[in-house]
2 protein chains.
Amino acid sequence: MVSAEIPDPDGLASRVVSLHFTVIIAAKATEAKQGGKALSESAAPPSKADARSPGQDAASSRPAVRSRPTLRTIAAETGLAVTTVSRALAEDPHIKAATRALVRAAADRQGYVPDRAAQRLRTGRTRVVQLLLNLDHEFLGVTHELIGGLSEALAGTGYSVTIFPDLIGEDRLARVRRIVETRLGDGVIFNRTEPFDPRVRYLLEQGFPFVSHGRTEFTTPHPWVDFDNEAFARIAVERLIAKGRKRLLMILPPANFSFAQHLRWGAVAAAKGAGIICEIPEAITLDTSERETIAWLRHRLSQPDRPDGIIGVGEVAAMAALAAISDCGLTPGDQIDVVAKRASAIFDLMRPRIDTMVEDLRLAGRTMGETLLRTMAGEDVSQLQVLHQPLIEF
Amino acid sequence: MVSAEIPDPDGLASRVVSLHFTVIIAAKATEAKQGGKALSESAAPPSKADARSPGQDAASSRPAVRSRPTLRTIAAETGLAVTTVSRALAEDPHIKAATRALVRAAADRQGYVPDRAAQRLRTGRTRVVQLLLNLDHEFLGVTHELIGGLSEALAGTGYSVTIFPDLIGEDRLARVRRIVETRLGDGVIFNRTEPFDPRVRYLLEQGFPFVSHGRTEFTTPHPWVDFDNEAFARIAVERLIAKGRKRLLMILPPANFSFAQHLRWGAVAAAKGAGIICEIPEAITLDTSERETIAWLRHRLSQPDRPDGIIGVGEVAAMAALAAISDCGLTPGDQIDVVAKRASAIFDLMRPRIDTMVEDLRLAGRTMGETLLRTMAGEDVSQLQVLHQPLIEF
DNA sequence: ACGCATTATTGAAACGTTACAAACGGGGCT
DNA sequence: AGCCCCGTTTGTAACGTTTCAATAATGCGT
């Protein structure tokens with residue numbers, strides 16, 4: 001067991017990391033000594049402009065980062081002032097078009113890329129979007145799809161996505177506050193929103209750009225992207241009723257999340273309208289472990305008044321239901337039916353096939369990214385809220 | 001359809017983002033005007049030290065970020081020089097212990113957090129780990145688990161994880177080069193490593209810290225974390241043989257990835273040793289769409305010389321196999337068996353249950369993070385390579 | 001030619017931090 | 001007493017950018 005300590009200037013508790021090795025393979029110990037010679041196909045020759053500090057690669061433990069082109073090197077090459085170069089690259093109309101072109105050419109030739117740290121220090125803007133992610137509970141593809149969509153929306157804008165772990169048991173507001181107070185990003189995106197989510201309230205107060213995945217019940221409008229879980233639940237109930245099912249069952253997310261409410265409303269309303277009931281167990285939620293969920297369902301399905309229709313809110317729930325159904329010797333489509341919400345192609349791989357509705361999380365991620373960009377651009381999006389409808393597949 | 005444009009000073013192609021709304025709900029338009037009054041439970045009172053720029057919140061479109069405590073404010077409060085404060089907070093032994101304590105106290109009182117941008121500008125270190133992620137192909141939990149493990153390893157170290165999208169069809173080396181050249185991070189982590197991965201070669205040349213998920217065949221050692229796919233394949237073959245299976249089938253990842261080779265070696269060697277064959281189709285890989293894979297498998301399973309044992313390299317492959325088996329009227333455990341590699345709890349939810357081995361991707365992520373930290377700390381980890389063994393569950 | 005209003009460019013300062021070299025004070029030694 | 005040296009502390013400069021105010025260059029009318 002080896003350990004390494006990393007300095008922690010943030011004032012957070014430092015900790016010692018340790019490696020548990022299963023096997024260590026020692027490869028042939030060829031000395032890996034190479035000069036800092038960059039591959040020649042790289043960017044462009046550093047130009048004859050007088051780059052300072054020609055070489056100091058000997059002592060420095062950090063690799064000799066071949067001094068990057070900067071505004072100054074461009075200024076030197078073009079004979080202009082640094083200020084002019086800066087403004088030219090920003091396409092400032094105060095700068096003559098010809099000059100702008102000249103500067104741009106020089107910048108391209110040198111392979112100039114602005115230094116993020118310097119920009120950030122000067123302007124206070126980070127060009128970072130913080131994505132709060134629950135790293136414990138989300139299952140299957142949601143993280144992947146959310147990030148994928150977000151990245152799509154941000155591609156080419158200069159913004160990058162940073163993952164901000166949102167562990168359970170932690171104060172979720174504190175996480176957001178840290179981002180705002182220490183300016184860790186220009187905007188925040190998070191999910192698992194609550195009806196009176198303190199994060200939303202705080203971010204609104206601070207005027208800090210954000211988009212939540214899920215609505216709140218604040219009267220103050222704020223940007224959000226949500227899936228119409230109420231519609232999903234309603235349609236699912238109707239579908240099961242159409243199949244002649246009368247005793248429905250649905251497992252909800254933990255009650256503190258907004259979408260748990262929506263699901264409940266949708267299902268209860270639809271069931272009541274048809275004069276049947278939709279059972280919603282208290283003891284168990286979507287965050288309950290698979291093992292427990294299956295055990296509970298097995299028990300429930302072996303009772304005389306067992307449900308004959310199950311609404312799977314998400315893939316794991318649906319699969320758990322199918323497993324329990326199978327374990328009880330029942331057959332979906334025969335004595336019981338399952339309608340599920342899906343976010344990936346996983347049910348294409350499941351047998352028997354069941355009715356599903358799609359929640360396109362990649363689209364959600366993309367929309368959140370786009371909405372956040374607009375919010376950060378200063379657009380008034382307090383009225384801008386996007387509700388995605390379930391895509392019905394039966 | 002609405003559109004917004006974001007300035008793009010990076011010189012990358014700018015693009016217009018567009019929003020496709022499914023439904024727009026207009027919430028009640030309560031004016032969301034609040035003062036920048038921060039919640040009082042926040043960090044700490046800003047101290048009586050002379051913070052410059054008392055207020056300029058009127059005109060600025062950006063929210064009035066209540067001027068943060070800085071080294072200077074601490075210096076003012078303690079009557080020390082900025083330099084001293086800086087070194088004291090860095091626990092520099094040149095600074096008297098009493099002074100250090102004094103400074104630390106003042107820093108805590110003011111709620112000081114060092115400005116990342118300034119540190120970064122000055123030191124050239126970003127405190128960011130770039131995680132290259134293929135956002136198209138990875139399936140199910142791998143992204144999630146990898147990020148989760150990585151975050152665990154980095155928690156409390158001051159490093160944060162930034163997602164660097166690694167889209168298919170793009171020049172993967174170019175992505176890494178961009179990170180290094182524009183210093184987007186202090187280290188890189190990536191997966192889907194190739195036997196002679198140009199990224200590894202480049203990063204070694206540059207002396208840039210990285211850890212790859214997967215080995216290479218370079219003679220120069222470099223840090224990597226890998227799963228022993230060869231062992232997995234061997235054990236899977238042996239398991240199927242033990243069940244009396246004689247005609248095995250395994251679908252490989254695209255041939256250019258290292259782990260495709262390892263899987264092949266392991267399976268072929270084990271099969272040859274037992275005098276049977278392990279079929280590896282050319283036409284189809286793990287990156288083939290589920291639909292196509294199932295179709296192919298259905299076709300294959302309906303031929304007279306059909307395989308009687310399938311090795312599922314990953315959850316999707318195994319589920320596709322199970323689906324095809326079911327579609328062909330076969331029963332796992334009866335005429336055919338499946339052994340799969342799993343990375344999530346998903347097979348606990350599958351019926352019938354099959355034999356699986358676990359590739360702990362969260363552990364992989366964690367180990368990669370820890371290894372990267374050590375690499376960045378300057379430790380010579382050129383010899384440090386971690387091979388995780390499959391956890392056998394049968 | 002002159003002044004005046006634009007237009008185009010520039011210098012200096014600043015963002016918050018760290019690195020370097022220099023200064024300070026005091027004690028121990030000769 | 002004088003000297004040197006060590007343990008502490010400090011001033012200055014720099015990282016690369018943007019912004020403000022000020023300057024230089026042009027055009028125009030009179």
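Below, chain A is the first sequence line, B the second, and so on; all start at residue 1.
Considering only side-chain N and O atoms, Gln119(A) lies nowhere under 4.0 angstrom from the phosphate OP1 or OP2 of dG16(D). A close approach under 4.0 Å does not occur between any side-chain nitrogen or oxygen of Arg72(B) and OP1 or OP2 of dT17(C). An OP1 or OP2 oxygen of dT18(C) is reached within less than 4.0 angstrom by a side-chain nitrogen or oxygen of Ser86(B). The shortest distance between the side-chain N/O atoms of Arg120(A) and the OP1/OP2 oxygens of dG16(C) is not below 4.0 Å.
Note on Thr123(B): only backbone sugar-phosphate atoms sit closer than 4.0 angstrom, heavy atoms only; bases stay farther off.
For the pair Arg116(B) CZ and dC15(D) C1', the interatomic distance rounds to 18 Å; values are reported in whole Å. The nearest whole Å value for the distance from the CZ atom in Arg127(B) to the C1' atom in dT17(C) is 13 Å. The separation between Asp115(B) atom CG and dT17(D) atom C1' is 14 Å, rounded to whole Å. Taking atom CG on Leu121(B) and atom P on dA13(D), their separation rounds to 18 Å, with Å as the unit. If you take CG of Asp92(B) and P of dG7(D), they are 13 Å apart, rounded to a whole angstrom. The separation between Leu71(A) atom CG and dA14(C) atom P is 20 Å, rounded to whole Å. One can place CZ of Arg68(B) at 13 Å from P of dC15(C), the figure rounded to the nearest angstrom.
By the 4.0 Å N-to-carboxylate-O rule, Glu91(B) lies close enough to Arg104(B) to be salt-bridged with it. With salt bridges taken as basic N to acidic carboxylate O contacts below 4.0 Å, none links Arg127(A) and Asp186(A).
Remark: Arg122(B) pairs with no residue by the salt bridge (charged side-chain N to carboxylate O under 4.0 Å, His left out) rule, at least two apart or across chains.
The Thr70(A) side chain lies nearest to dG16(D) when the options are dT18(C), dT19(D), dG16(D).
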Between the protein and nucleotides 6-13 of chain C, are there any N/O to N/O pairs under 3.5 Å, and if so, what are the atom names and distances?
| residue | atom | partner | partner atom | Å |
| --- | --- | --- | --- | --- |
| dT9(C) | OP1 | Thr99(A) | OG1 | 2.7 |
| dT9(C) | OP2 | Lys96(A) | N | 2.9 |
| dT9(C) | OP2 | Thr99(A) | OG1 | 3.4 |
| dT10(C) | OP2 | Ala81(A) | N | 3.0 |
| dT10(C) | OP2 | Thr84(A) | OG1 | 2.6 |
| dT10(C) | O4 | Arg87(A) | NH1 | 2.9 |
| dG11(C) | N7 | Thr83(A) | OG1 | 3.2 |
| dG11(C) | O6 | Thr83(A) | OG1 | 3.1 |
| dA12(C) | N6 | Thr83(A) | OG1 | 3.3 |

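Looking only at atom types and distance, the side chain of Thr162(A) has no donor-acceptor partner in the side chain of Ser160(B) under 3.5 Å away.
Cation-pi geometry between Arg199(A) and Phe190(A) is satisfied (NZ or CZ under 6.0 Å from the ring centre, within 45° of the ring normal).
In this structure, Leu373(B) and Leu154(B) have side chains that are in contact, with non-hydrogen atoms separated by less than 4.5 Å.
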Chi angles and distances behind the side-chain contact (heavy atoms from CB on, under 4.5 Å) call for Arg177(A), Phe208(A): CA-CA 10 Å; Arg177(A) 186 178 258 148; Phe208(A) 197 87; over 6 Å; no
